[in-house]
Amino acid sequence: MGNFSAVLKIIRRHQKFLVTTHHNPDADAVSSALAMAMYLKSLGKKVHVLNEDACPQWLKFLPGTSMFKKAGDIKKADYQVAIVLDCGDMKRVGSVKDFIQEGKPLINIDHHVTNDGFGSINVVQSKASSTCEMVFDFLKEAKHALNKNIAILLYAGIMTDTGSFRYENTSAHSHAVVEKLMAFKFSAAQMYDRLYTGIPVVDMKMFTEVIHNAKLLDGNRVYCVSLAKSVVESFSKSFDLKEKLFTFLRSMEGIEVLVILTEIGPQEVRVNLRSQKDFDVAALSQQFDGGGHKKAAGCKIYEPLARAQKTICAAIHKRL
């Protein structure tokens, strides 16, 4: 859907930009937003990078994260064009939606198959491994020279969204892009260590307890983890619990669907889903006004944690 020529025309005509991505941002979201912001700044543009949430602690080693601002800390953002990256629909930008004004250009750059085309200009490529891969292609079309900081950002997004190049969304083009990025001679091993490995000693006991309390359902085909708000808050801020859980659980044989429920409030639960086989978690997420990819998706359920677990697991059971 769409191409980058219209995006480039809009960028050339305007000077002030608001760049955002989905709430609870992952590496692809943060990195694509920051890479786009760096590109715009190199053209002399003024840029606000806003998100409903602060930059996750575990990603603050990435270049440019000081630009990444929490929307609640900003009263006003003067802009002419909004660019939304890695976001399937406008609901996922959360409170940043309050800054976005009707009638101003809204550019939607994304790779989620469930994207609803919410922008005035839409570039949606569901076969792309990541939004960072799309930003690389955009910069190539713009004839903009890469630099080491942008290369590091794009590598982080591609690496994590492909599961270190293990997931089915990894393509020959993904590897070709990474070859270009690696020319900037950053350490892939160090990037992996920062993004993936290591569980702090202080978190190890709680992590094993979370695994122990998880539930195997539907003849051991579904693995469900429920995280109370108090449990999440007891971990180190630099510890990405959700990603560590998915990395660990993906190694288990026979599991078709992985579910992590995270309590946000008494009547609000974030649900993250991963599929190991043919189960379509994007279709399941849309049932709850969420979205994503066939193999990785998410949604929110507005019920208490225990009830939300029953709701999502019942919905999975019906589709198995």
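- Under a 4.0 Å N-O distance rule, the pair Lys70/Glu52 does not qualify as a salt bridge.
- To the nearest 0.5 Å, atom NZ of residue Lys45 and atom CZ of residue Arg12 are 9.5 Å apart.
- A donor-acceptor pair is defined here as one N or O able to donate and one able to accept, closer than 3.5 Å; such a pair exists between the side chain of Asp280 and the backbone of Ala283.
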Pair Glu141-Asp137, side chain to side chain contact (heavy atoms under 4.5 Å, CB included): steps then yes or no: CA-CA 6 Å; Glu141 186 164 333; Asp137 292 337; over 6 Å; no

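- At least one donor-acceptor pair under 3.5 Å links the side chain of Ser120 to the backbone N or O of Leu106.
- The closest side-chain heavy-atom distance from Val202 to Phe235 is not below 4.5 Å.
- Taking 4.5 Å as the limit, some side-chain heavy atom of Met38 sits within range of a side-chain heavy atom of Leu153.
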Check against side chain to side chain contact (heavy atoms under 4.5 Å, CB included), Thr262 and Ile260: CA-CA 6 Å; Thr262 306; Ile260 298 177; 4.0 Å; yes

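- Atom CG of residue Leu195 and atom OH of residue Tyr155 lie 9.0 Å apart, to the nearest 0.5 angstrom.
- Ser174 and Glu133 share a donor-acceptor pair across their side chains, judged by distance under 3.5 Å alone.
- Put simply, the side chain of Lys16 never gets that close to the backbone of Ala77: no donor and acceptor are under 3.5 Å apart.
- One N or O on the side chain of Thr21 and one on the backbone of Leu85 form a donor-acceptor pair closer than 3.5 Å.
- Hydrophobic clustering (side-chain heavy atoms under 4.5 Å, transitive across Ile, Leu, Val, Met, Phe, Trp, Tyr) keeps Ile100 apart from Ile121.
- Across all non-hydrogen atoms, the minimal contact from Asp161 to Asn169 is O-ND2, 3.0 Å.
- In this structure, the side chains of Leu34 and Pro63 stay at 4.5 Å or more apart for every pair of heavy atoms.
- In this structure, the side chain of Ser275 engages the main chain of Phe279 through a donor-acceptor pair within 3.5 Å.
- Side-chain atoms of Asn147 come within 3.5 Å of backbone N or O of Ile150 as a donor-acceptor pair.
- Here the shortest heavy-atom pairing between Thr160 and Tyr167 reads O-CE1, 4.4 Å.
- For the residue pair Asn115 and Asp89, no side-chain donor N or O sits within less than 3.5 Å of a side-chain acceptor on the partner.
- The side-chain heavy atoms of Val123 and Asn3, taken from C-beta on, include no pair separated by under 4.5 Å.
- Contact annotation: the side chain of Val210 never approaches that of Asn213 to less than 4.5 Å [non-hydrogen atoms, C-beta and beyond].
- Note that CD of Gln101 and CD of Gln80 are 11.0 Å apart. Values are rounded to the nearest 0.5 Å.
- If you take CG on Asp86 and NE2 on His22, they are separated by 4.0 Å, rounding to the nearest 0.5 Å.
- Contact annotation: the side chain of Val177 never approaches that of Lys180 to less than 4.5 Å [non-hydrogen atoms, C-beta and beyond].
- Separating the OH atom in Tyr223 from the CG atom in Leu245 is a distance of 9.0 Å, to the nearest 0.5 Å.
- Applying the 6.0 Å contact sphere to NZ of Lys229 captures no more than 12 heavy atoms from other residues, nucleotides or ligands.
- Partner Ile316 forms a side-chain contact (heavy atoms from CB on, under 4.5 Å) with one of Leu217, Thr311, Leu273, Val281 and no other, that one being Leu273.
- Of all heavy-atom pairs spanning Met191 and Phe186, the tightest one is CG-CD1, 4.0 Å.
- Taking the centre of each ring, Phe17 and His48 stay at or above the 6.0 Å mark.
- Looking at heavy atoms from C-beta onward, Met67 lies out of side-chain contact with Val47 at the 4.5 angstrom threshold.
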Worked verdict on Asp78 versus Leu18 for side chain to side chain contact (heavy atoms under 4.5 Å, CB included): CA-CA 8 Å; Asp78 183 24; Leu18 186 157; over 6 Å; no

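- Val30 and Ile74 sit in two unconnected hydrophobic clusters of ILVMFWY residues. Membership requires side-chain heavy atoms under 4.5 Å apart, directly or through other members.
- With a 6.0 Å cutoff to the six-membered ring centre and a 45° limit on the axis angle, Lys104 counts as a cation-pi contact of Tyr79.
- Hydrophobic clustering, with ILVMFWY side chains joined whenever heavy atoms are under 4.5 angstrom apart, groups Met206 together with Phe246.
- For the pair Val96 and Ala71, the tightest heavy-atom approach, listed with the atom from each and the gap, is CG2-CB, 4.0 Å.
- Around CG of Asp73, the count of heavy atoms belonging to other residues, nucleotides or ligands within 6.0 Å exceeds 12.
- Of the possible donor and acceptor atoms, one in the side chain of Gln276 sits under 3.5 Å from a partner among the backbone N and O of Arg250.
- A donor-acceptor pair is defined here as one N or O able to donate and one able to accept, closer than 3.5 Å; such a pair exists between the side chain of Thr114 and the backbone of Gly292.
- When all heavy atoms are compared, the tightest approach of Met182 to Ala188 is CE-CB, 3.9 Å.
- Val257 and Ile255 fall into different hydrophobic clusters, where Ile, Leu, Val, Met, Phe, Trp and Tyr are joined by side-chain heavy atoms under 4.5 Å apart, directly or via other members.
- The two atoms that bring Val269 and Pro304 nearest to each other are CG2-C, 4.2 Å, heavy atoms only.
- Distance alone, capped at 3.5 Å, is enough to place a donor-acceptor pair between the Asn122 side chain and the Gly119 backbone.
- When only modelled atom types and interatomic distance are considered, Asp53 and His23 share no side-chain donor-acceptor pair under 3.5 Å.
- Dense packing is recorded around NE2 of His175, with more than 12 heavy atoms of other residues, nucleotides or ligands lying under 6.0 Å away.
- One distance of note links OG of Ser130 with NE2 of His111; it measures 6.0 Å at 0.5 Å rounding.
- By the criterion of side-chain heavy atoms lying less than 4.5 angstrom apart, applied directly or through intervening Ile, Leu, Val, Met, Phe, Trp or Tyr residues, Val113 is not grouped with Val124; the two fall into different hydrophobic clusters.
- Residue Arg319 qualifies as enclosed at atom CZ: its count of foreign heavy atoms under 6.0 Å is above 12.
- Side-chain atoms of Arg13 never come within 3.5 Å of backbone atoms of Ile10 as a donor-acceptor pair (strictly under, hydrogens ignored).
- Contact check on Glu243 versus Arg274 returns a salt bridge, with a Lys/Arg side-chain nitrogen under 4.0 Å from an Asp/Glu carboxylate oxygen.
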Full working for side chain to side chain contact (heavy atoms under 4.5 Å, CB included) between Leu241 and Phe207: CA-CA 8 Å; Leu241 177 59; Phe207 184 76; 3.9 Å; yes

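- Between Val222 and Leu320 there is a side-chain heavy-atom pair separated by less than 4.5 Å.
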